[in-house]
Amino acid sequence: KKGSYDHFMQKEIHEQPHSLTTTMRGRLKDGEVLLGGLKEHLKTIRRCRRVVFIGCGTSYNAALGARTFVEELTGIPVTMEVASDLLDRQGPIYREDTAVFVSQSGETADTLLALDYALENGALCVGITNTVGSTLSRKTHCGVHINAGCEIGVASTKAYTSQIVAMAMMALAIGSDQISTQARRNAIISGLTSLPSCVSEVLKLDAEMKDLASSLIDSESLLVFGRGYNYATALEGALKVKEVALMHSEGMLAGEMKHGPLALVDENLPIIVIATRDACFSKQQSVIQQLLSRKGRLIVMCSKGDASAVCSIGSCRVIEVPGVADCLQPVINIIPLQLLAYHLTVLRGFDVDQPRNLAKSVTTQ
Ligand code: UD1
Ligand code: F6R
């Protein structure tokens with residue numbers, strides 16, 4: 001089933017132009033988004049007091065990546081909950097809330113317990129899942145199947161990008177009654193249409209990521225700095241490196257750098273800074289300058305053609321990625337980090353598809 005690939009994770013990373021196409025198939029028509037599973041519930045969702053995203057691990061990160069554009073396109077405040085933490089705190093969930101549960105498997109115990117809790121509290125419960133017939137799909141009031149195809153590698157890759165795209169379509173559908181954001185919605189819909197080809201393009205960085213991995217093979221730790229739309233990319237890139245390459249890694253909010261993490265910076269610790277074009281670009285430029293002035297060992301991810309705008313030649317390693325609509329950029333930016341985690345794992349001699357101590361679906365609390 002792996003075809004010409006050595007591992008499922010590798011196959012699933014390279015499959016993303018296709019899995020994203022199937023996520024969108026039949027759902028973007030004549031500049032409109034059609035989500036059969038939400039159609040009857042859009043009015044209720046538009047009236048809700050807030051959206052609460054709930055998930056674990058990669059699925060939580062995908063929801064975090066979607067948060068900004070859901071707020072922007074719907075005008076509804078969005079709060080984030082890690083499923084286990086919501087349960088630990090017995091945090092407030094109200095009848096007026098729309099609780100959106102994100103889970104690849106649809107069988108994660110923490111997420112399902114949080115679903116029971118939200119159902120008891122009377123919230124409208126929406127599922128975003130890859131698994132038709134899963135407990136999540138059956139128990140939620142409505143939802144969207146992401147249709148990414150079966151994911152076998154324990155490290156979630158193609159489900160992450162399809163979850164973000166499914167949530168982008170959800171945000172477009174909820175916001176479709178707003179005239180003021182029509183132009184923005186049209187731009188995002190056309191961005192979605194060209195996304196699979198941009199993903200094919202960014203996958204060409206495979207050899208470059210393998211080379212980068214070989215330079216990081218003996219590092220003890222790797223930091224990833226992101227902000228705005230790409231804070232989620234930083235968390236998710238670091239999660240991949242931890243779980244498969246078994247290397248300590250942390251995703252950090254770049255705006256928090258000066259409030260502590262800056263103390264770690266020296267010439268040995270590798271730091272990836274995500275600085276693709278969006279409203280936060282100039283702030284990321286200044287983060288890069290501050291890190292360079294402390295002799296940080298930087299790897300900067302930037303939009304194509306921006307290498308000299310992000311750092312002076314020779315002062316850091318640059319990964320150039322194709323630019324897409326700012327809110328869809330996380331779908332592109334995670335891919336070099338997935339490739340990096342994959343190659344780092346192989347080069348360090350660890351098991352890619354069955355990382356130590358992990359199972360594909362965590363069905364215990
Ligand atoms: C559906 C069909 C699809 C068909 C399409 C044609 C299914 C599973 N999907 O897709 O095969 O090609 O119509 O119009 O038969 N749901 C939940 N919770 C979740 C996910 C989904 O309750 O977590 C519900 C939805 O509200 C919906 C149903 O499951 O009622 C199917 O969802 P989805 O597959 O996303 O719907 P369509 O895209 O319309
Ligand atoms: C990371 C990973 C886990 C899962 C998490 C939630 O690669 O696979 O962090 O994302 O266990 O799983 P689902 O999405 O099935 O609820």
Side-chain angles (χ1 to χ4, degrees), residues 8-9 12-13 22-29 33-42 44-45 53-65 82-84 98-115 118-119 124-148 150-167 169-170 173 232 235-246 249 251 334 337-338 341-342 345 352-355 357-365:
F8 283 109
M9 181 185 182
E12 288 161 2
I13 292 171
T22 57
T23 298
M24 292 185 276
R25 182 164 294 147
R27 290 168 161 175
L28 298 177
K29 275 195 192 132
V33 175
L34 300 166
L35 292 172
L38 292 186
K39 214 170 49 207
E40 308 293 322
H41 297 83
L42 288 176
T44 316
I45 299 173
F53 273 127
I54 302 165
C56 307
T58 291
S59 293
Y60 174 90
N61 292 342
L64 185 67
V82 171
S84 64
T98 295
V100 180
F101 294 84
V102 187
S103 171
Q104 188 286 130
S105 63
E107 301 296 350
T108 299
D110 290 330
T111 307
L112 293 176
L113 287 165
L115 170 60
L119 287 168
L124 176 72
C125 294
V126 180
I128 306 282
T129 184
N130 198 27
T131 317
V132 176
S134 61
T135 310
L136 184 79
S137 177
R138 286 184 283 110
K139 282 193 166 178
T140 42
H141 296 117
C142 59
V144 183
H145 290 117
I146 66 171
N147 300 339
C150 187
E151 189 180 66
I152 294 168
V154 168
S156 183
T157 52
K158 65 175 181 171
Y160 178 75
T161 48
S162 282
Q163 284 166 338
I164 295 179
V165 164
M167 287 183 271
M169 293 189 294
M170 179 182 79
L235 294 186
E236 176 59 9
L239 179 58
K240 291 298 88 126
V241 170
K242 275 187 261 216
E243 71 174 327
V244 283
L246 314 189
S249 185
I334 194 57
L337 303 182
Q338 293 172 342
Y342 170 75
T345 310
V352 175
D353 286 327
Q354 294 294 328
N357 306 336
L358 297 181
K360 178 69 184 158
S361 168
V362 186
T363 53
T364 52
Q365 207 180 348

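All values derive from a computational prediction rather than experimental measurement. Each residue takes its place number in the sequence, starting with 1. Order of appearance sets the numbers: ligands from 1, and atoms from 1 within every ligand.
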Hey, what polar pairs (N/O, under 3.5 Å) does ligand 1 make with protein?
| residue | atom | partner | partner atom | Å |
| --- | --- | --- | --- | --- |
| ligand 1 | 18 (N) | Ser137 | O | 3.3 |
| ligand 1 | 18 (N) | Thr140 | OG1 | 2.8 |
| ligand 1 | 18 (N) | Cys142 | O | 3.3 |
| ligand 1 | 22 (O) | Ser137 | O | 3.3 |
| ligand 1 | 23 (O) | Gly127 | O | 3.4 |
| ligand 1 | 26 (O) | Gly37 | O | 2.8 |
| ligand 1 | 26 (O) | Gly143 | N | 3.0 |
| ligand 1 | 32 (O) | His145 | ND1 | 3.2 |
| ligand 1 | 34 (O) | His145 | ND1 | 2.7 |
| ligand 1 | 35 (O) | Arg27 | NH2 | 3.0 |
| ligand 1 | 35 (O) | His145 | N | 2.9 |
| ligand 1 | 38 (O) | Arg27 | NE | 3.4 |
| ligand 1 | 38 (O) | Arg27 | NH2 | 3.0 |

Please report, to 0.1 Å, the donor-acceptor pairs under 3.5 Å made by any side chain of residues 152-159, with sequence neighbours excluded.
| residue | atom | partner | partner atom | Å |
| --- | --- | --- | --- | --- |
| Ser156 | OG | Glu151 | OE1 | 3.1 |
| Ser156 | OG | Glu151 | OE2 | 3.4 |
| Lys158 | NZ | Glu15 | OE1 | 2.6 |
| Lys158 | NZ | Ala148 | O | 3.1 |
| Lys158 | NZ | Gly149 | O | 3.4 |
| Lys158 | NZ | Cys150 | O | 3.0 |

Q.
So, taking the atom named CD1 in Ile128 and the one named OG in Ser103, what distance separates them when rounded to the nearest 0.5 Å?
A. 11.0 Å

Q) Just how far is it from atom CD1 of Ile146 to atom CD of Gln104, taken to the nearest 0.5 Å? A) 6.5 Å

Q.
Tell me every residue that passes ring-ring contact (aromatic ring centres under 6.0 Å, His included) with Tyr60, counting only those two or more places apart in sequence or in another chain.
A. none

Q. Heavy atoms under 4.0 Å from ligand 2: which residues qualify?
A. Cys56, Gly57, Thr58, Ser59, Ser103, Gln104, Ser105, Thr108, Val154, Ala155, Ser156, Lys240, Glu243

Q) Judged by atom type as modelled, is there a donor-acceptor pair below 3.5 Å linking the side chain of Thr140 to the main-chain atoms of Leu136? A) yes

Q. Asp353 side chain to Met9 main-chain N or O, any donor-acceptor pair under 3.5 Å?
A. yes

Q: In sequence, state the C-alpha distance, the side-chain angles, and the governing distance for Glu243 and Leu358, and then conclude on side chain to side chain contact (heavy atoms under 4.5 Å, CB included).
A: CA-CA 8 Å; Glu243 71 174 327; Leu358 297 181; 3.6 Å; yes

(Q) What I want to check is whether the side chains of Ser137 and His145 have a donor and an acceptor closer together than 3.5 Å. (A) yes

Q: Verify the distance criterion only: is there a donor paired with an acceptor across the side chains of Glu107 and Thr131 at less than 3.5 Å?
A: no

